[in-house]
Amino acid sequence: MESPFFLLTILLFLSSSPAAVKSKPGASNDLVRSSCVHASYPSLCFRTLSSYSGPADTPRDLAQAAVKVSLSRARKVSTLLRRKVAGKSKRERAALSDCVEQISDSVDELSKTLGELKHLRGETLGFQLSNAQTWVSAALTNEDTCLDGFKGVEGKVKSEVKRKMTNVAKVTSNALYMINRLNENRS
């Protein structure tokens, strides 16, 4: 007869093996993969949503997760831009200030979208999804407008803002795609 300590050791070893540890259950990962395949940025979509720690078992979960990713990144960029405004040339300060306002508007619109997606109801589903699409589209426009403010500005600040805003725009575009899929599946 094996000792209880030996059996416990074997059990702990087996439960911690790589085959026993997964970031997402297979079905959930399959949903992410099949949902992201036609997104504007499919590899980014798969990477961000398959590593998302919340539920991702339904298309609605994925749409909410995509908006949460976009909102989180927009908030981080907003914080970064607020810190950069001081000590730059007049033109850079103006562009950064406009950008802070634009990204702040995007954060508001993405927050409203997330609230709407959390409370979808059958009788108002079409209206709610239309609102979500409008708000995410507006967030994308704000992100583009931010970059437009840097025309005629060169240097490190512009390239850093462009890189950060492009990343936010890509995850926001993927969020819009997930919401559009919800609306298509409704029909």
Side-chain angles (χ1 to χ4, degrees), residues 22-82 98-149 161-187:
K22 290 184 179 178
S23 62
K24 286 260 182 235
S28 198
N29 234 349
D30 289 345
L31 177 63
V32 171
R33 183 174 280 107
S34 66
S35 298
C36 287
V37 72
H38 295 295
S40 299
Y41 305 96
S43 60
L44 179 64
C45 178
F46 182 75
R47 193 170 59 251
T48 57
L49 295 182
S50 63
S51 64
Y52 177 72
S53 61
D57 301 322
T58 67
R60 180 178 169 177
D61 290 341
L62 287 181
Q64 286 181 25
V67 172
K68 285 178 183 178
V69 167
S70 178
L71 181 57
S72 171
R73 292 193 182 185
R75 284 180 173 147
K76 286 178 185 172
V77 170
S78 178
T79 300
L80 174 90
L81 293 179
R82 288 179 200 281
D98 288 346
C99 230
V100 165
E101 188 176 321
Q102 296 296 324
I103 197 75
S104 177
D105 289 347
S106 290
V107 166
D108 291 344
E109 286 149 350
L110 292 167
S111 295
K112 289 191 296 190
T113 300
L114 187 57
E116 197 80 338
L117 292 177
K118 286 181 177 179
H119 300 99
L120 294 176
R121 293 176 305 280
E123 64 276 1
T124 58
L125 184 64
F127 178 71
Q128 290 174 295
L129 289 175
S130 177
N131 284 342
Q133 289 168 318
T134 299
W135 293 327
V136 174
S137 294
L140 271 171
T141 300
N142 292 336
E143 292 154 12
D144 285 343
T145 302
C146 163
L147 293 176
D148 290 344
V161 170
K162 183 176 181 177
R163 185 173 44 83
K164 300 276 187 200
M165 291 304 292
T166 299
N167 181 273
V168 173
K170 286 179 179 180
V171 293
T172 303
S173 178
N174 284 342
L176 180 59
Y177 173 75
M178 290 297 168
I179 293 167
N180 288 340
R181 284 193 54 165
L182 282 180
N183 205 17
E184 290 167 6
N185 291 340
R186 181 178 70 88
S187 306

Legend entry - Side-chain heavy atoms of R75 within contact of S111, under 4.5 Å: yes
Inset, instruction - Please round to the nearest 0.5 Å and tell me the distance separating atom CG of L129 and atom CG of N180. - result: 9.5 Å
Legend entry - T58: side chain to side chain contact (heavy atoms under 4.5 Å, CB included) partners, not counting sequence neighbours: R60, D61
Legend entry - L114 side, atom CG; H119 side, atom NE2 - distance, nearest 0.5 Å: 9.5 Å
Inset, instruction - Taking all heavy atoms of K118 and all of Q64, pick out the closest pair and write down the distance. - result: CA-NE2, 3.7 Å
Legend entry - Spatial distance of atom OH (Y41) from atom CZ (R47) [nearest 0.5 Å]: 13.0 Å
Legend entry - Side chain S78, main chain A74, donor-acceptor under 3.5 Å: no
Inset, instruction - Starting at CD of E116, measure out to CZ of F127 and round the result to the nearest 0.5 Å. - result: 7.0 Å
Would you mind writing out the side-chain donor-acceptor pairs for residues 98-107 within the sub-3.5 Å range, not counting sequence neighbours?
| residue | atom | partner | partner atom | Å |
| --- | --- | --- | --- | --- |
| S106 | OG | Q102 | O | 3.3 |
| S106 | OG | A139 | O | 3.1 |

Inset, instruction - Using the test salt bridge (Lys or Arg N to Asp or Glu O under 4.0 Å), find all partners of R163 that sit at least two apart in sequence or belong to another chain. - result: none
Inset, instruction - Could I get the full list of side chain to side chain contact (heavy atoms under 4.5 Å, CB included) partners for A63, not counting sequence neighbours? - result: L117, M178, I179, L182
Inset, instruction - Without swapping roles, check the side chain of R181 against the backbone of P59 for a donor-acceptor pair under 3.5 Å. - result: no
Legend entry - Qualifying residues under side chain to side chain contact (heavy atoms under 4.5 Å, CB included), relative to A39, sequence neighbours excluded: C45, N174, Y177
Legend entry - Candidates T172, L176, N142 - the one meeting side-chain contact (heavy atoms from CB on, under 4.5 Å) with S137: L176
Inset, instruction - If a pair satisfies salt bridge (Lys or Arg N to Asp or Glu O under 4.0 Å) and one of its residues is in residues 171-180, list it, with sequence neighbours excluded. - result: none
Legend entry - Reference residue F46; test side-chain contact (heavy atoms from CB on, under 4.5 Å); the match among S50, S43, P42: S50
Legend entry - Backbone of E109 reached by a side-chain donor or acceptor of T113 within 3.5 Å: yes
Legend entry - Gap separating the CD atom of Q133 from the CD atom of Q128, nearest 0.5 angstrom: 12.0 Å
Legend entry - Heavy-atom closest contact (V171 atom, S70 atom, distance): CG2-CA, 3.7 Å
Legend entry - Donor-acceptor under 3.5 Å (S34 side chain, L31 main chain): yes
Inset, instruction - Measure from the side-chain N and O atoms of S72 to the backbone N and O of K68, and report whether any donor-acceptor pair falls under 3.5 Å. - result: no
Inset, instruction - Using side-chain contact (heavy atoms from CB on, under 4.5 Å) as the criterion, point out the one residue from T145, L140, L147, T141 that pairs with E143. - result: L140
Inset, instruction - Starting at SG of C36, measure out to CG of L44 and round the result to the nearest 0.5 Å. - result: 8.5 Å
